[in-house]
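Each remark here refers to the structure printed beneath this line.
Start at 1 and go down the list; that is how both ligands and their atoms are numbered.
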Amino acid sequence: MALVELELKDQVGILTINRPEALNALNDQVISELDKVLDSIDVNTVRCLIVTGAGQKAFVAGADIAQMSGLTKAEGEAFGKLGNDVFRKLETLPIPTIAAVNGFALGGGCELSMSCDIRLASETAVFGQPEVGLGITPGFGGTQRLARLVGMGKAKEMIYTARNIKAPEALACGLVQAVYPAEELMAEAEKMAARIAGNAPIAVRACKKAINDGTQVDMDKAIVVEEKLFGSCFETKDQRSAMAAFVEKRKHDPFENC
Ligand code: CAA
């Protein structure tokens, strides 16, 4: 059985971390399979990706502690780089990504969810960065992405105390965008993904790039990032046909991704 599975449903990809016996903990093999699966996604046909964990209990319960327990300094740094490179690949995947967090999202699991564009959680989800309780720092981007998502104070509180938070608190601090009963989570994630997939794909991808790239630079540069991407949409057939439909007061045709 693959440790990372990819299922395609119409224009939506569903990527599942499939190691439920270890609560989907991320060892070398899971991370390298994740890397390969991300490389295999055709962003011209898949318009949105959902990332989730197998089983009822966990999204991902972190990096594999047994594997990390004997690492040297150099090996620890290399393991951090391995995870960071793959999570950055996920974060910069051209298409939108939704984490469907169906249980524990601790350490590397919380970090995996934060590398997605949007987080939807089940009522049973638990988030946290428990690393300082294990004698390490977060290692797959947690010190960076958590502060950007929930603000410096909340991120420092969570990371220094290693306190896990449940779904309602994750919603209140903006770490997740919505919480659903566990049995409804995937249907809701698929509904959101289908809605995204129904919009003009080139424009959606340009929005992701504008937000991701623009928030890394000052406002004067950021608005130029947007201007260029905004302009690029005007050479697409999808823009022409959607605007023509509006002007002619009719429903537009399905977007063609060109
Ligand atoms: N690494 C390796 N194995 C893990 C694991 C992890 N992160 N999390 C769970 N497992 C394994 C357990 O060892 C156990 O295996 P066995 O059945 O072979 O004993 C199995 O998954 C089930 O786990 P539990 O019996 O512990 O389940 P539980 O319901 O009693 O507890 C839990 C659930 C609270 C999530 C607990 O498993 C736990 O605390 N896990 C570790 C969470 C954690 O600290 N994550 C951060 C890791 S560090 C990190 O991720 C660094 C980074 O930033 C890259």
Side-chain angles (χ1 to χ4, degrees), residues 1-5 15-35 38 51-91 99-116 119 121-150 152 154-170 175-176 179 182 185:
M1 261 315 239
L3 293 175
V4 178
E5 293 182 339
L15 183 155
T16 305
I17 308 291
N18 183 31
R19 198 189 170 207
E21 68 285 358
L23 303 188
N24 304 319
L26 305 168
N27 60 13
D28 276 342
Q29 202 186 331
V30 176
I31 297 169
S32 93
E33 282 192 29
L34 176 59
D35 190 36
L38 291 176
V51 176
T52 195
Q56 307 300 315
K57 210 166 157 183
F59 174 69
V60 165
D64 192 303
I65 300 170
Q67 186 186 324
M68 283 186 296
S69 61
L71 297 184
T72 62
K73 178 184 172 198
E75 288 164 346
E77 201 174 314
F79 188 57
K81 179 164 168 44
L82 180 75
N84 271 332
D85 287 352
V86 178
F87 284 20
R88 186 76 180 128
K89 187 176 281 185
L90 173 62
E91 185 172 47
V101 181
N102 54 317
F104 290 110
L106 302 176
C110 187
E111 291 164 319
L112 178 66
S113 78
M114 293 191 293
S115 303
C116 294
R119 279 150 297 287
S122 67
E123 287 168 350
T124 54
V126 177
F127 293 82
Q129 297 289 163
E131 286 87 350
V132 293
L134 292 162
I136 56 172
T137 68
F140 294 166
T143 56
Q144 303 310 308
R145 293 193 180 95
L146 189 59
R148 284 164 169 79
L149 285 169
V150 303
M152 197 89 93
K154 183 73 182 173
K156 286 179 173 172
E157 183 240 318
M158 284 177 63
I159 291 172
Y160 298 168
T161 62
R163 182 175 70 85
N164 294 339
I165 63 172
K166 293 186 176 162
E169 189 174 348
L175 182 55
V176 305
V179 178
L185 175 66

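The distance from ligand 1 to the heavy atoms of Gly107 drops below 4.0 Å at these ligand atoms: 46 (C), 50 (O). Which parts of ligand 1 touch Met68 is read off a 4.0 Å heavy-atom cut-off, strictly below it: atoms 48 (S). Those atoms of ligand 1 with a heavy atom of Phe140 less than 4.0 angstrom away are 53 (O), 54 (C). The atoms of ligand 1 that sit less than 4.0 Å from any heavy atom of Glu21 are 20 (C), 21 (O). Counting atoms of ligand 1 from 1 in the listed order, those under 4.0 Å from a heavy atom of Ala22 are 4 (C), 9 (C), 10 (N), 11 (C), 21 (O). Of all the atoms in ligand 1, the ones that sit under 4.0 Å from a non-hydrogen atom of Pro138 are 53 (O). Against a heavy-atom cut-off of under 4.0 Å, Leu134 is close to the following atoms of ligand 1: 44 (O), 47 (C), 48 (S).
The closest approach between Gln67 and ligand 1 stays at or above 4.0 Å for every heavy atom of the residue. Ligand 1 has Pro130 within reach: a non-hydrogen atom of the residue lies less than 4.0 Å from it.
Compare Ala63, Gly142, Gly141 by their heavy atoms: the one nearest to atom 47 (C) of ligand 1 is in Ala63.
Closest heavy-atom contact between Arg19 and Val30: CD-CG2, 4.0 Å.
Looking from atom 39 (O) of ligand 1 to the surrounding protein, the closest heavy atom is Leu106 CD1, 4.7 Å. In terms of protein heavy-atom proximity, atom 8 (N) of ligand 1 is closest to Ala61 CB, 3.6 Å. The closest protein non-hydrogen atom to atom 1 (N) of ligand 1 is Ile65 N, 2.9 Å. Counting protein heavy atoms only, atom 37 (O) of ligand 1 is closest to Leu23 CD1, 3.7 Å.
The number of heavy atoms from other shown groups lying within 6.0 Å of CD (Glu157) is above 12.
Closer than 4.0 Å to atom 26 (O) of ligand 1 lies none of the heavy atoms of the protein. Per-atom contact check: atom 13 (O) of ligand 1 does not touch the protein, criterion being a heavy-atom distance below 4.0 Å. The nearest protein heavy atom to atom 19 (O) of ligand 1 is not closer than 4.0 Å. Distance screen at 4.0 Å: atom 29 (O) of ligand 1 has a protein heavy-atom neighbour inside the cut-off. Within a 4.0 Å radius of atom 10 (N) of ligand 1, the protein has at least one heavy atom. Proximity of atom 42 (C) of ligand 1 to the protein is indicated by at least one non-hydrogen atom lying closer than 4.0 angstrom.
If you take CD1 on Ile17 and CG on Leu34, they are separated by 5.0 Å, rounding to the nearest 0.5 Å. A distance of 6.5 Å separates CG in Leu146 from CG in Leu175, rounded to the nearest 0.5 Å.
Under 4.0 angstrom from ligand 1, the non-hydrogen atoms of Ala25 all belong to its side chain. Counting heavy atoms under 4.0 Å from ligand 1, residue Gln129 does not touch it at all.
Side chain of Gln29 to main chain of Leu3: no donor-acceptor pair is present (N/O by atom type, distance under 3.5 Å, no hydrogens or angles).
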